[in-house]
Amino acid sequence: LMYNATTNNDYDSFKQKISDKISDKGELNFLISSIKSNTVVSLYNNGLKNESKYLLTLIDDFCEKYKFPVCKEYDYIRNE
């Protein structure tokens, strides 16, 4: 998944795009594609920390809901 949020001013738009993606794909497919695409890290590395943490929160919530293990590779983002 790639998202076009370019600044933190686009945060509300970003959240709406995520909501639309979840509605279109379903939670489980969204979860899997978000993890595979490494979007959390890409957002974080591009300075979009709020967006990264928002997406990571959703991923963590869906992992818990669907009994998937938490993605440990994101710990440095969680702990910031």
Side-chain angles (χ1 to χ4, degrees):
L1 298 171
M2 288 306 298
Y3 303 104
N4 296 322
T6 56
T7 68
N8 286 336
N9 293 332
D10 295 329
Y11 185 65
D12 288 334
S13 174
F14 174 81
K15 290 184 351 183
Q16 184 60 51
K17 287 178 185 178
I18 296 295
S19 178
D20 293 345
K21 293 271 186 194
I22 294 168
S23 294
D24 291 344
K25 291 183 165 221
E27 292 175 352
L28 188 56
N29 286 331
F30 174 82
L31 170 63
I32 292 166
S33 64
S34 294
I35 292 169
K36 283 184 176 182
S37 69
N38 211 24
T39 303
V40 170
V41 172
S42 295
L43 290 167
Y44 185 84
N45 289 341
N46 285 311
L48 299 170
K49 293 181 179 182
N50 290 336
E51 289 85 347
S52 177
K53 289 181 178 189
Y54 177 79
L55 182 57
L56 180 53
T57 298
L58 289 175
I59 288 171
D60 287 346
D61 289 347
F62 291 148
C63 281
E64 182 178 333
K65 180 176 182 178
Y66 292 102
K67 310 290 188 229
F68 290 167
V70 172
C71 299
K72 298 288 184 187
E73 63 268 22
Y74 300 139
D75 281 351
Y76 71 100
I77 296 172
R78 279 185 201 94
N79 295 327
E80 183 184 85

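Predicted model only: the values in this text are computed from it and were never measured. All values below were derived from every heavy atom in this structure, side-chain atoms included, with hydrogens, water molecules and symmetry-related copies excluded.
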Would a 4.5 Å heavy-atom cut-off, applied to side chains only, mark [X] and [Y] as touching?
X	Y	value
Asp75	Arg78	yes
Ser34	Thr39	no
Asn50	Phe14	no
Tyr54	Tyr11	yes

For Lys65, check salt bridge (Lys or Arg N to Asp or Glu O under 4.0 Å) against everything at least two apart and list the hits.
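With sequence neighbours excluded, Lys65 shows a salt bridge (Lys or Arg N to Asp or Glu O under 4.0 Å) to Glu27, given in chain and number order.
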If you measure from [atom1] on [X] to [atom2] on [Y], what distance do you get to the nearest 0.5 Å?
X	Y	atom1	atom2	answer
Tyr44	Tyr76	OH	OH	6.5 Å
Phe30	Ile22	CZ	CD1	4.5 Å
Ile32	Ser37	CD1	OG	12.0 Å
Leu55	Ile35	CG	CD1	9.5 Å
Asn45	Ser52	CG	OG	8.5 Å

Is a salt bridge present between Asp24 and Lys21, judged by a nitrogen-to-oxygen distance below 4.0 Å?
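Salt bridge absent between Asp24 and Lys21.
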Salt-bridge criterion met for Lys15 and Glu51 (N-O under 4.0 Å)
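No salt bridge links Lys15 with Glu51.
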More than 12 heavy atoms of other residues, nucleotides or ligands under 6.0 Å from CD of Glu73: is that the case?
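Buried by this count: over 12 neighbours within 6.0 Å.
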Nearest atoms (heavy-atom pairs only) where Leu31 meets Cys63:
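Closest pair (atom of Leu31, atom of Cys63, distance): CD1-SG, 3.9 Å.
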What orientation do Phe68 and Tyr66 show, parallel under 30°, tilted 30 to 60°, or perpendicular over 60°?
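Because their plane-to-plane angle lies in the 30° to 60° range, the rings of Phe68 and Tyr66 count as tilted.
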In one Ile/Leu/Val/Met/Phe/Trp/Tyr side-chain cluster, 4.5 Å: Phe62, Val70:
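Result: no, two separate clusters.
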Any side-chain donor-acceptor pair under 3.5 Å between Gln16 and Asp20?
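Yes, because at least one side-chain N or O of Gln16 sits under 3.5 Å from a partner of the opposite role on Asp20.
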